[in-house]
There are 2 protein chains.
Amino acid sequence: MARRTVSSDPFEAIAQPKRRQVLETLARYPGAGCPVNELVVSLGLPQPVVSKHLAVLKGVGLVSLEKRGRQRFYRVNGEGIRAVHEWAARFERFWTHQLTSIKERAERRARDLPTPNTSEEPRRDHD
Amino acid sequence: MARRTVSSDPFEAIAQPKRRQVLETLARYPGAGCPVNELVVSLGLPQPVVSKHLAVLKGVGLVSLEKRGRQRFYRVNGEGIRAVHEWAARFERFWTHQLTSIKERAERRARDLPTPNTSEEPRRDHD
DNA sequence: GCATCCTATTCCGTAAATGGAATATATCAA
DNA sequence: TTGATATATTCCATTTACGGAATAGGATGC
């Protein structure tokens with residue numbers, strides 16, 4: 001049961017390294033975006049593969065599309081990636097504080113406290 | 001051919017919503033971390049499922065582990081998430097600039113590019 | 001009309017992740 | 001030792017994503 005559904009959230013979409021590559025490549029183009037054939041050359045991947053990845057990225061809103069002539073210009077749509085950025089930012093305190101002091105404090109608390117499961121309420125201790 | 005390997009990079013690991021839940025729950029605990037049984041209660045998932053997700057997170061360095069008695073305390077390891085945060089930050093300009101000005105610039109450039117067949121007014125009839 | 005270019009989509013085989021259940025391992029307690 | 005607790009691991013079935021090849025669709029040019 002409960003498989004992953006790549007077509008629903010940006011985290012799934014960027015899980016695939018090639019799709020991150022697509023985004024990184026797109027990001028190097030100006031606001032007008034980049035047509036598929038140029039992406040195909042840049043990435044060195046078969047065109048159907050690129051198109052399929054673009055379809056996934058578009059499905060989750062990570063890129064947007066503009067048709068011009070027979071080409072389709074894709075460009076990065078920041079909002080989706082912003083969500084990822086903000087999710088990760090929630091964990092900022094885990095890398096801004098030095099790990100060593102966190103570890104020390106963790107071990108000190110571990111020794112001194114009975115067991116931290118007496119309350120349902122999560123604790124926030126900071127230094 | 002080229003499958004995704006969940007046990008190799010943090011992007012794969014956080015693709016799974018339940019693993020993000022695990023991280024979010026862990027983040028609410030103090031530096032000492034959280035034992036598995038408490039995670040099981042908090043998440044309402046079967047214990048083997050939680051353990052398996054923790055194994056994946058540990059495999060990619062998103063959590064670290066400290067044994068104490070028969071319990072194992074897991075805590076968030078910031079470095080892995082930091083990588084995600086920094087990757088997303090590379091796209092910051094796509095959401096800090098207003099979308100409207102980006103669009104305008106896109107269309108201006110689209111007119112100026114050497115691609116043929118855009119001598120007319122650019123079309124805005126789709127997104 | 002027809003041919004050509006650009007892109008999307010379908011079909012298919014394979015590899016892999018997920019969850020459930022049962023079991024194994026490890027630690028403590030009596 | 002035996003038993004209970006805490007966690008990990010194995011086996012299994014299901015579902016899914018991925019890539020490749022071929023094909024379809026759509027726009028342009030002749």
Side-chain angles (χ1 to χ4, degrees), chain A residues 1-9 11-22 26 33-60 63-74 114-117, chain B residues 1-22 26 33-60 63-75 113 115-120 123 125-126:
Chain A
M1 310 169 56
R3 287 284 146 327
R4 317 191 260 168
T5 312
V6 93
S7 340
S8 54
D9 85 284
F11 290 92
E12 272 294 341
I14 65 168
Q16 175 68 230
K18 284 179 184 171
R19 277 193 293 264
R20 292 201 298 278
Q21 255 186 283
V22 169
L26 278 183
C34 175
V36 179
N37 54 354
E38 212 166 320
L39 266 180
V40 167
V41 173
S42 281
L43 295 165
L45 296 173
Q47 176 265 315
V49 169
V50 174
S51 280
K52 278 186 267 190
H53 283 313
L54 285 169
V56 171
L57 292 171
K58 182 161 187 307
V60 302
V63 300
S64 62
L65 166 63
E66 182 187 355
K67 297 184 198 172
R68 285 205 300 118
R70 24 186 169 182
Q71 312 199 72
R72 299 192 179 192
F73 287 75
Y74 284 88
T115 25
N117 61 356
Chain B
M1 354 269 184
R3 287 282 148 329
R4 316 193 259 168
T5 313
V6 94
S7 339
S8 55
D9 86 285
F11 290 92
E12 272 294 340
I14 65 168
Q16 177 66 230
K18 284 179 184 170
R19 277 194 292 266
R20 291 201 298 277
Q21 255 186 284
V22 169
L26 278 183
C34 175
V36 179
N37 54 355
E38 211 166 320
L39 265 181
V40 166
V41 172
S42 282
L43 294 166
L45 297 172
Q47 175 265 316
V49 170
V50 174
S51 280
K52 278 185 266 191
H53 284 312
L54 286 169
V56 172
L57 292 171
K58 183 162 186 308
V60 301
V63 300
S64 62
L65 166 62
E66 183 188 354
K67 298 184 197 172
R68 284 203 303 119
R70 26 186 167 183
Q71 311 199 74
R72 299 192 178 192
F73 287 75
Y74 285 88
R75 60 171 175 266
L113 282 176
T115 10
N117 150 47
T118 323
S119 39
E120 307 280 310
R123 314 188 337 218
D125 52 356
H126 34 34

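Lettering of chains follows the sequences in order, A, B, ..., and the numbering in each one begins at 1. Nothing here was measured: the structure is a model prediction, and the numbers come from that model.
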Using atom [atom1] of [X] as one end and atom [atom2] of [N] as the other, report the distance to the nearest whole Å.
X: A/L39; N: C/dC6; atom1: CG; atom2: P; value: 14 Å
X: B/L65; N: D/dA6; atom1: CG; atom2: P; value: 16 Å
X: A/L54; N: C/dC6; atom1: CG; atom2: P; value: 16 Å
X: B/K58; N: D/dT7; atom1: NZ; atom2: P; value: 15 Å
X: B/E12; N: D/dC18; atom1: CD; atom2: C1'; value: 11 Å
X: B/Q71; N: D/dA8; atom1: CD; atom2: P; value: 11 Å
X: A/L43; N: D/dG19; atom1: CG; atom2: P; value: 12 Å
X: B/Q16; N: D/dT15; atom1: CD; atom2: P; value: 16 Å

To the closest 0.5 Å, what do you measure between [atom1] ([X]) and [atom2] ([Y])?
X: A/Y74; Y: A/S64; atom1: OH; atom2: OG; answer: 10.0 Å
X: A/H53; Y: A/L39; atom1: NE2; atom2: CG; answer: 11.5 Å
X: B/Q71; Y: B/E66; atom1: CD; atom2: CD; answer: 11.5 Å
X: A/I14; Y: B/E12; atom1: CD1; atom2: CD; answer: 10.0 Å
X: B/L26; Y: B/L43; atom1: CG; atom2: CG; answer: 8.0 Å

Closest to side chain of A/H53, choosing from D/dG19, C/dT9, D/dT7 | D/dG19
Among C/dT18, D/dA8, C/dG19, find the nucleotide with the atom closest to the side chain of B/V49.
-> C/dG19
Under the salt bridge (charged side-chain N to carboxylate O under 4.0 Å, His left out) test, residues paired with A/R72 that sit two or more places apart | none
Would you indicate, yes or no, if C/dA8 has its OP1 or OP2 atom less than 4.0 angstrom from a side-chain nitrogen or oxygen of A/Y74?
-> yes
Is any side-chain N or O of B/N37 closer than 4.0 Å to OP1 or OP2 of D/dT7?
-> yes
Could you check B/E38 against B/S42 for side-chain hydrogen bond (donor to acceptor under 3.5 Å, both in side chains), going step by step and ending with a plain yes or no?
-> CA-CA 6 Å; B/E38 211 166 320; B/S42 282; 5.8 Å; no
Using a 4.0 Å heavy-atom cut-off, write out nucleotides 21-30 of chain C from 5' to 3' as B (base contacted by protein), S (sugar-phosphate only) or - (no contact).
-> BB----BBS-
